[in-house]
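If you're wondering where the values come from, they're calculated on a predicted model, not measured in any experiment.
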Amino acid sequence: MDFSFLSDYSYYFLTGTVNTVLIAFLTVIFGVVIGTLLALMKISSNGIFKFIASAYIEFIRGTPILVQALIFFYLIQIPDFKLFGLEMARFIPGVIALSINSGAYVAEIIRAGIQAVDRGQMEASRSLGFTSGQSMRYIIIPQAIKNILPALGNEFIVVIKESSILSVIGIVELMRSADIVKSAIYRPFEPLLVAAVIYFILTFTLSRVLGIAERRMHTGD
Ligand code: ARG
């Protein structure tokens with residue numbers, strides 16, 4: 001093992017790490033927007049909405065993200081320009097593909113979180129004179145959030161790891177950075193180990209922070 005390349009190449013890992021975090025962060029935000037819409041469609045009483053949401057969720061969860069990323073990369077052809085050193089012709093399709101993928105999982109997190117609130121809460125709320133919209137807003141959603149937030153944090157962790165797939169479309173995130181260094185120094189193990197350790201630091205830190213946040217949230221119970 002020889003890690004002396006780090007003095008020359010640490011900049012690559014730093015850039016890769018920043019880009020990985022940026023991709024994951026954007027994906028979680030877009031994923032939550034898409035997921036919320038899908039979850040609302042799925043629990044609505046409108047048959048067409050229900051069907052569209054179910055079809056989306058099943059199809060996205062039933063096909064590999066690797067295939068989805070490549071499809072979006074070839075589908076979305078935009079003129080290339082750089083923003084913060086990132087090639088947008090790769091970055092934009094990549095983040096879209098990952099967000100669309102994550103949205104399907106987030107939809108299920110939100111739907112399950114809402115449906116896990118006891119039915120009696122809705123019945124009690126209605127019997128006190130709230131409309132169903134008001135019951136949703138003041139009684140159900142605040143309780144559902146306690147189920148949803150921890151799972152969303154988990155999704156963030158998953159997305160950090162899944163974003164490594166975007167290296168196949170040439171986005172210079174952490175995995176791709178390791179690949180570049182690997183080719184430059186003709187050694188595969190050390191750059192890959194460095195990437196693995198950085199991924200672990202990101203996910204482990206995040207899971208610790210989430211653990212603390214979750215405990216805080218439950219002190220209210
Ligand atoms: N590994 C899965 C795939 O290849 C994607 C899993 C994404 N999971 C998630 N919770 N966003 O399709």
Evaluate side-chain contact (heavy atoms from CB on, under 4.5 Å) for Tyr199 paired with Met175, printing each intermediate quantity in order. CA-CA 9 Å; Tyr199 276 117; Met175 187 63 203; 3.7 Å; yes

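- Taking 4.5 Å as the limit, some side-chain heavy atom of Ser99 sits within range of a side-chain heavy atom of Ile34.
- Using a 4.0 Å cut-off between a side-chain N of Lys or Arg and a carboxylate O of Asp or Glu, Arg176 and Glu173 do not qualify as a salt bridge.
- With Arg208 contributing its side chain and Ile212 its backbone, the two residues share no donor-acceptor pair below 3.5 Å.
- Here the CG atom belonging to Leu66 is positioned 10.5 Å from the CD atom belonging to Glu162, to the nearest 0.5 angstrom.
- Side-chain N or O atoms of Ser54 include none that pairs as donor or acceptor with a backbone N or O of Phe51 at under 3.5 Å.
- Between Phe204 and Phe200, the ring-plane angle classifies as parallel under the 30° and 60° cut-offs.
- Annotation for Arg61: atom CZ counts as buried by contact number, over 12 foreign heavy atoms lying within 6.0 Å.
- From Thr36, atom OG1 reaches atom CD1 of Ile114 across 8.5 Å, with rounding to the nearest 0.5 Å.
- Side-chain contact between Asp2 and Ile185 is absent, with no heavy atoms from C-beta onward closer than 4.5 Å.
- When all heavy atoms of Arg126 and Ser132 are compared, the pair lying nearest together is NH1-CB, 3.4 Å.
- Of the inter-residue distances, the one linking Ile96 atom CD1 with Thr27 atom OG1 reads 10.5 Å to the nearest 0.5 angstrom.
- Taking CG of Asn19 as the reference point, atom CG of Leu14 lies at 9.5 Å (rounded to 0.5 Å).
- Across Phe49 and Met41, no two heavy atoms sit closer than the pair O-CE, 3.7 Å.
- Nearest heavy-atom pair across Ile57 and Ala107 is CD1-CB, 3.7 Å.
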Are Asn46 and Ser44 close enough, and set up right, to give a side-chain hydrogen bond (donor to acceptor under 3.5 Å, both in side chains), and what steps lead you there? CA-CA 5 Å; Asn46 183 318; Ser44 83; 5.5 Å; no

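- Minimum interatomic distance between Ser4 and Ser7 (heavy atoms only, all atoms of both residues): O-OG, 3.0 Å.
- Under a hydrophobic-cluster definition in which Ile, Leu, Val, Met, Phe, Trp and Tyr are linked whenever side-chain heavy atoms come within less than 4.5 Å, directly or via other members, Ile92 and Val168 are assigned to the same cluster.
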For the pair Glu190 and Arg187, evaluate salt bridge (Lys or Arg N to Asp or Glu O under 4.0 Å) and give the outcome as yes or no after the intermediate values. CA-CA 7 Å; Glu190 292 90 340; Arg187 296 175 72 90; 2.7 Å; yes

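- Phe5 CZ: more than 12 foreign heavy atoms inside a 6.0 Å radius.
- Between Thr63 and Glu58 there is no side-chain heavy-atom pair separated by less than 4.5 Å.
- For Asp80 (side chain) and Ala89 (main-chain N/O), a donor-acceptor pair under 3.5 Å exists by modelled atom type.
- When side chains are defined from C-beta on, Ile180 does not count as touching Tyr9, because their heavy atoms never get closer than 4.5 Å.
- Pairing each heavy atom of Ile100 with each of Tyr56, the nearest pair is O-OH, 2.8 Å.
- Counting heavy atoms from C-beta on, the side chains of Thr203 and Lys161 come closer than 4.5 Å.
- In this structure the side chain of Ile78 reaches within 4.5 angstrom of the side chain of Ile76, judged on heavy atoms.
- Within 6.0 Å of OH in Tyr138 there are 12 or fewer heavy atoms belonging to other residues, nucleotides or ligands.
- With values rounded to the nearest 0.5 angstrom, Gln115 atom CD is found 12.0 Å from Ile110 atom CD1.
- Separation of atoms CD1 (Ile157) and CG (Leu152) is listed at 11.5 Å; rounding is to 0.5 Å.
- Other residues, nucleotides and ligands contribute at most 12 non-hydrogen atoms within 6.0 Å of the OH atom of Tyr12.
- Taking a cutoff of 4.0 Å between a charged side-chain nitrogen and a carboxylate oxygen, Arg111 and Glu108 qualify as a salt bridge.
- Follow the hydrophobic side-chain contacts under 4.5 Å out from Ile29 and you reach Leu206 in the same cluster.
- Taking the side chain as every heavy atom from C-beta outward, Leu98 and Gln68 never approach each other to under 4.5 Å.
- At most 12 heavy atoms of other shown residues, nucleotides or ligands fall within 6.0 angstrom of atom OH in Tyr74.
- Scanning both residues, Ala69 and Ala97, for their nearest heavy atoms gives CA-CB, 3.9 Å.
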Could you walk me through whether Ile23 and Phe91 pass the side-chain contact (heavy atoms from CB on, under 4.5 Å) test, one step at a time? CA-CA 8 Å; Ile23 290 167; Phe91 184 79; 3.5 Å; yes

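- Phe72 is connected to Ile65 through a chain of hydrophobic side-chain contacts under 4.5 Å among Ile, Leu, Val, Met, Phe, Trp and Tyr, so both are in one cluster.
- Paired with Glu155 under the rule side chain to side chain contact (heavy atoms under 4.5 Å, CB included), one option of Val32, Ile160, Val106 passes, and it is Val106.
- Met217 and Ile141 end up in the same hydrophobic cluster when Ile, Leu, Val, Met, Phe, Trp and Tyr side chains are linked at under 4.5 Å.
- Under a 3.5 Å cut-off, the side chain of Gln134 and the backbone N or O of Thr131 do form a donor-acceptor pair.
- Of the possible donor and acceptor atoms, one in the side chain of Thr20 sits under 3.5 Å from a partner among the backbone N and O of Leu174.
- Note on Val197 and Phe189: separate hydrophobic clusters, where clusters join Ile, Leu, Val, Met, Phe, Trp and Tyr whose side-chain heavy atoms are under 4.5 Å apart, directly or indirectly.
- For Leu128, the CG atom is densely surrounded, since the number of other residues' heavy atoms within 6.0 Å is greater than 12.
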